[in-house]
Amino acid sequence: MKAGSLSQNFAGVGVKRVTATEIDPTVSRGHEFQGVDSFRAFLGVPAEKISVPVKYVWLSDEEPPLVVPLAGTWYDSRRGKGHRGGEYRLYYPAAAEEVVYRARQGDTLFLCMGKDESLLALLCASGSSIEQQLLWLFGLDLGGKDLVQRDLRKEQGRTVDLAARYVLELADIEVIASADEWLERLLKEFPAGLPPTRKFSAFARGLADVDPRADPDQALLTWMDVEERLFMTYERHIVGERLRQGFVVDGIADVDRFVRYSLEVQNRRKSRAGYALGHHGEALLEVHSIPHKREATTEKRNGPDFLFPDETRYHDMQWSADRLLMLGVKTSCKDRWRQVLAEADRIERKHLLTLEPGISPTQTDEMRKEKLQLVLPRPLHGSYRPAQQAELAGVADFLELARAMGAEAQGPLMLL
C-alpha cells in the first residue's frame, strides 16, 4: 500500500501575497492576478490570449470551501508595447468575484497547476491554519519574495500520506487513497459488508508493518493510514455496486433517495475516522500496559474519551487531582477543541490527541491559555512553526506521562 506523491497530482504550484489592485474593487476592477509572470513555466508564453480552466476556491478555517469552477485568461499584458519584455497575467471573470473578493490585501493565493493542465486558484487569509497547512504541504516559504513556486515535473514533492490527504481535502482537492490489491481479501474477510469499526481497526493493525512499542508515534500514523486506505477501497466497491443498481423507481429518478445515500456515505466517512483514532489510541495504551478507562463518566453526561488511571479514582475525592489525567481524541480540531475543556472538572490541564497538521499560532496560543495540551504524532510536528513545536507533545511523551499516572507517581506531573 504505497502512498503516491504530489507530482502525481500536480505539475507545479506557486504562492504569493495578493495586493489591493488584484482583489479590491474599490482600488481596481482590473480582475487580474499580477506578479505571476514566472508561472509561464507551466502556462507557456502564447502570443495570443488563451483560456485556461480555473477552479477558484476560498478557504476558511471556520467554513467549508467556497468553490466556483470557471476559466481564466492567460495573456501578455505588454504585448504590442514596443521593446519591453513580456509580462504575463491571469485574468479572472466577473463570476469569480464571489470568491476573489473575500480576500484582503496581504492574504495568500496558491496557484496549483494540475496534471490535466487546469488551474486551482486557492485563496485564504494570511495567518490562518489552512495557509500554514498548504505552505507545509507544498514545501513553500515566501520569505519576502513576490512569488515562490515549485516545479513538480522535476521532483516528486512530498508523499501524499494521511496528513497530506487531510490538507488536500480541506482545499477541496480529491485524492483517491485506496489499496485495490486488498479488495479480494477484504471481501473474503468481511463478505457481509463493512464490519463494526473496532473489528475493522484491528484488521488494519494486523496488516501494518510497524512496531507500536518501539515507535508509538509512527505506529499511530501508520495504523490510521492503512485503515483509511482499506476503508476507501471497500467503500468504493460498495458505493459502486449501489450506483450500478441505480436510483430509478418506476422509470422516475429518485433524487431524494440518492441525496440521502450520498449523505450517508459522507457521514460514515467522518464518523469512522473518529472511531478509528480512538480504537488505535486504545490499542497503544494496551500495548504499553497503561491503566485507563475509555468513554469515562465524570461530572458531565459526556466524559472524556480516555481517563487515567481509572474512573473510580477520579470520583474518589481523596485521590489527588494531580494524579489524574484525561485525553480527548479528535482527528481535527477546528473549534471543536473547546468541547474537551468541559469534560473533566477535576483535571485542570487537558490533553487532546489530534492528527491535524499546521494549526495556526493564533489557535495554539488560545489553546495554551485554556491549559489545553496538544498531543500529535512526532512526524506531524514539522508542520508547525518552530515556536509552536516547543509546546507540542508527541504520542510517546503522553504514554510516558500516562504510565506514570498508572504507577501512582507522587506529586504533580507536567508534560512540558
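What you see below is based on every heavy atom in this structure, not just the backbone, and it leaves out hydrogens, waters and symmetry mates.
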**OP:** For the pair Thr159 and Asp161, evaluate side chain to side chain donor-acceptor pair (under 3.5 Å) and give the outcome as yes or no after the intermediate values.
**Re:** CA-CA 6 Å; Thr159 299; Asp161 54 13; 6.0 Å; no
Subject >> Ionic contact status for Arg153 with Asp151, cut-off 4.0 Å >> reply: yes
Original post:
Does Arg213 use its side chain to pair, donor to acceptor, with the backbone of Val287 at less than 3.5 Å?
Top reply: yes
Subject >> Cationic tip of Arg272 above Phe200 ring, under 6.0 Å, 45° of axis >> reply: yes
Original post:
Taking the six-membered ring for Trp, are the ring centroids of Phe190 and Phe203 within less than 6.0 Å of each other?
Top reply: yes
**OP:** Salt-bridge test for Lys350 and Glu370: reply yes if a basic N is under 4.0 Å from a carboxylate O, no otherwise.
**Re:** no
Original post:
How far apart are the closest heavy atoms of Gly281 and Phe306, and which atoms are they?
Top reply: C-CZ, 4.4 Å
**OP:** Could you tell me which non-hydrogen atom of Val18 sits nearest to which non-hydrogen atom of Leu123, and how far apart they are?
**Re:** CG1-CD2, 4.0 Å
Subject >> Test item: side-chain donor near acceptor, Gln132 and Ser360, under 3.5 Å >> reply: no
**OP:** Salt-bridge test for Asp107 and Arg104: reply yes if a basic N is under 4.0 Å from a carboxylate O, no otherwise.
**Re:** no
Subject >> Contact summary for Ala71 and Tyr56, nearest pair of heavy atoms >> reply: O-OH, 2.8 Å
**OP:** Give a yes or no on whether the backbone of Thr331 and the side-chain of Glu356 come within a donor-acceptor separation of less than 3.5 Å.
**Re:** no
**OP:** Indicate yes or no: does Asp225 engage Arg229 in a salt bridge with an N to O separation below 4.0 Å.
**Re:** yes
Subject >> Any side-chain donor near an acceptor of the partner, Gln363 and Trp337, under 3.5 Å >> reply: yes
Subject >> Non-hydrogen side-chain atoms of Leu374 and Cys333 separated by less than 4.5 Å >> reply: yes
**OP:** Go through the steps to decide whether Glu97 and His31 satisfy the test side chain to side chain donor-acceptor pair (under 3.5 Å), and finish with yes or no.
**Re:** CA-CA 9 Å; Glu97 290 177 357; His31 284 199; 2.8 Å; yes
Original post:
For the residue pair Phe42 and Phe39, is the inter-centroid distance of their aromatic rings smaller than 6.0 Å?
Top reply: yes
**OP:** Using a strict cut-off of less than 4.0 Å between a Lys/Arg side-chain nitrogen and an Asp/Glu carboxylate oxygen, indicate whether Arg403 and Glu400 qualify as a salt bridge.
**Re:** no
Original post:
Which pair of non-hydrogen atoms, one from Pro25 and one from Ile23, has the smallest distance, and what is that distance?
Top reply: CD-O, 3.5 Å
Original post:
Checking Ser271 side chain against Arg268 main chain: does a donor-acceptor pair fall under 3.5 Å?
Top reply: yes
**OP:** Report yes or no: do Thr19 and Thr21 form a side-chain donor-acceptor pair below 3.5 Å?
**Re:** yes
Subject >> Smallest separation among heavy atoms of His288 and Pro216, with atom names >> reply: NE2-CB, 4.1 Å
**OP:** State whether Lys334 and Glu62 are salt-bridged, where the test is any N-O pair (Lys NZ or Arg NE/NH1/NH2 against Asp/Glu carboxylate O) under 4.0 Å.
**Re:** no
Subject >> Side-chain (His280) to main-chain (Leu220) donor-acceptor, under 3.5 angstrom >> reply: no
Subject >> Residues in side chain to side chain contact (heavy atoms under 4.5 Å, CB included) contact with Glu48, at least two apart in sequence or another chain >> reply: Arg79
**OP:** Determine, for Arg150 against Glu155, whether the closest basic-nitrogen to carboxylate-oxygen distance falls under 4.0 angstrom.
**Re:** yes
**OP:** Kindly assign one of parallel, tilted or perpendicular to the pair Phe247 and Tyr261, based on the angle between their ring planes and the thresholds 30° and 60°.
**Re:** tilted
**OP:** Give a yes or no on whether the backbone of Gly394 and the side-chain of Asp217 come within a donor-acceptor separation of less than 3.5 Å.
**Re:** no
Original post:
Is a side-chain N or O of Gln388 found less than 3.5 angstrom from the main chain of Ile359, in a donor-acceptor match?
Top reply: yes
Original post:
Any donor and acceptor pair, going by atom type alone, linking the side chain of Thr73 with main-chain N or O of Ser51 inside 3.5 Å?
Top reply: no
Original post:
Under 3.5 Å, is there a donor-acceptor pair linking the side chains of Lys16 and Gln149?
Top reply: no
**OP:** For the pair Glu264 (side chain) and Val259 (backbone), establish whether a donor and an acceptor sit closer than 3.5 Å, ignoring hydrogens and angles.
**Re:** no
Original post:
Within the distance-only criterion (no hydrogens, no angle test), does the side chain of Asp250 pair as donor or acceptor with the backbone N or O of Ile252 below 3.5 angstrom?
Top reply: no
Original post:
Ion pair present between Glu169 and Arg269, side-chain N to carboxylate O less than 4.0 angstrom?
Top reply: no
Subject >> Under the side chain to side chain donor-acceptor pair (under 3.5 Å) test, residues paired with Thr108 that sit two or more places apart >> reply: Arg17, Glu131
**OP:** Decide side chain to side chain donor-acceptor pair (under 3.5 Å) for Glu366 and Thr362; before the verdict, give the C-alpha distance in whole Å, the side-chain angles of both, and the deciding distance to 0.1 Å.
**Re:** CA-CA 6 Å; Glu366 192 171 353; Thr362 301; over 6 Å; no
Original post:
Tyr166 and Pro357: which non-hydrogen atoms are nearest, and at how many Å?
Top reply: CD2-CD, 3.5 Å
Original post:
Do side-chain atoms of Arg242 reach the backbone of Gly246 as a donor and acceptor pair under 3.5 angstrom?
Top reply: yes
